[in-house]
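What follows is a short report on a single structure.
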Amino acid sequence: MSRPILEQAHDALRTAVQGVSDWTAPTPCSDWNATQVLQHAAGDQIAFAAFLTGGPGPSENPFAPSGRLDASPRSVLEEALTLSADAWAGISPDAEEVPVPVPPNKMPAKLGVGACALDAAVHAWDIAMASGAPSPLTPELARELLPVARQIVEPLRAFGAYAAALPPRPGDDDTATLLRYLGRRPEQEAR
């Protein structure tokens, strides 16, 4: 079953990973390098799959990534994205309640797949900023993800999953609006 928002977010993450030449480069995520953000992003996708299917969760703690990979970055990413996409393919888009690793741990399928996509797309931006590549988080995708963010992020701020929202600036496009809402600075210079 096609999930365009998830496919676009997964493609953004693939694009970001392809552009990395230095996996030790710092990212906008405090104290995490590109490898750690990849581990976090992959772990989150595996966690969504595990909640949906009852399968195994990530082997690496997504909130304390080690920075060491046992396989190539692309392999790590593809395994996680495949698990996530396959898990969502087995869920009816009209399901009123599905298990997810995002508090309150159950939500409508449409919101859950949006949450999974939001995670992938934002970490794609983080990784792209570490490598100095253009952002793969397009204004069109950001426009679709902002309503999802507004539904799920506030409770997560209490757990430190997102920084406080930053005020909008004149001239912000949809990508900048989403990133500021999530506490990120879209004007950050590429490294």
Task: Nearest-0.5 Å distance, CG of residue Leu6 to CH2 of residue Trp88 - done: 8.0 Å
TODO: For residues Phe51 and Val98, determine if any side-chain heavy atom of one lies less than 4.5 Å from a side-chain heavy atom of the other.
DONE: no
Open item on the list: Could you list the cluster mates of Ile46? Members are the ILVMFWY residues connected by side-chain heavy atoms closer than 4.5 Å, either directly or through other members.
Closed with: Leu83
Open item on the list: Once side-chain hydrogen bond (donor to acceptor under 3.5 Å, both in side chains) is applied, do any residues pair with Gln36, and if so which ones, sequence neighbours excluded?
Closed with: none
TODO: Each residue besides Phe63 in its hydrophobic cluster should be listed here, by chain and number; the cluster joins Ile, Leu, Val, Met, Phe, Trp and Tyr at side-chain heavy-atom distances under 4.5 Å.
DONE: none
Task: Residues which pass side-chain contact (heavy atoms from CB on, under 4.5 Å) with Ser72, listed by chain and number, not counting sequence neighbours - done: Arg74, Ser75
- [ ] Quick one: list whatever passes side-chain hydrogen bond (donor to acceptor under 3.5 Å, both in side chains) with Thr53, sequence neighbours left out.
- [x] none
Task: Residue Glu79 excluded, over 12 heavy atoms near CD under 6.0 Å - done: no
Task: Pairs satisfying salt bridge (charged side-chain N to carboxylate O under 4.0 Å, His left out), at least one member in residues 130-139, at least two apart - done: none
Task: Qualifying residues under side-chain hydrogen bond (donor to acceptor under 3.5 Å, both in side chains), relative to Asp172, sequence neighbours excluded - done: Arg180
- [ ] Under the side-chain hydrogen bond (donor to acceptor under 3.5 Å, both in side chains) rule, collect the residues that match up with Asp11, sequence neighbours excluded.
- [x] Arg14
Open item on the list: Is the shortest side-chain heavy-atom distance between Glu144 and Gln8 below 4.5 Å?
Closed with: yes
Open item on the list: My understanding is that only residues two or more places apart in sequence, or in another chain, count here; which of them pass ring pair (Phe, Tyr, Trp, His ring centres under 6.0 Å) with Trp32?
Closed with: His40
TODO: Kindly say whether Asp126 contributes a backbone atom to a donor-acceptor pair with the side chain of Thr27 at under 3.5 angstrom?
DONE: no
Report, one line per pair, each donor and acceptor closer than 3.5 Å where one atom sits in a side chain of residues 115-122; sequence neighbours left out.
none

TODO: For the residue pair Ile91 and Val113, establish whether any side-chain heavy-atom pair is separated by less than 4.5 Å.
DONE: no
- [ ] Quick one: which residue pairs count as a salt bridge (charged side-chain N to carboxylate O under 4.0 Å, His left out) with a foot in residues 154-168, not counting sequence neighbours?
- [x] Glu154-Arg157
- [ ] Please tell me if the side chains of Trp23 and Val17 come closer than 4.5 Å, counting only heavy atoms from C-beta onward.
- [x] yes
- [ ] Sort and list the pairs that fulfil side-chain hydrogen bond (donor to acceptor under 3.5 Å, both in side chains) and have at least one residue in residues 55-66, not counting sequence neighbours.
- [x] Gln39-Glu60, Gln39-Ser66, Glu60-Ser66
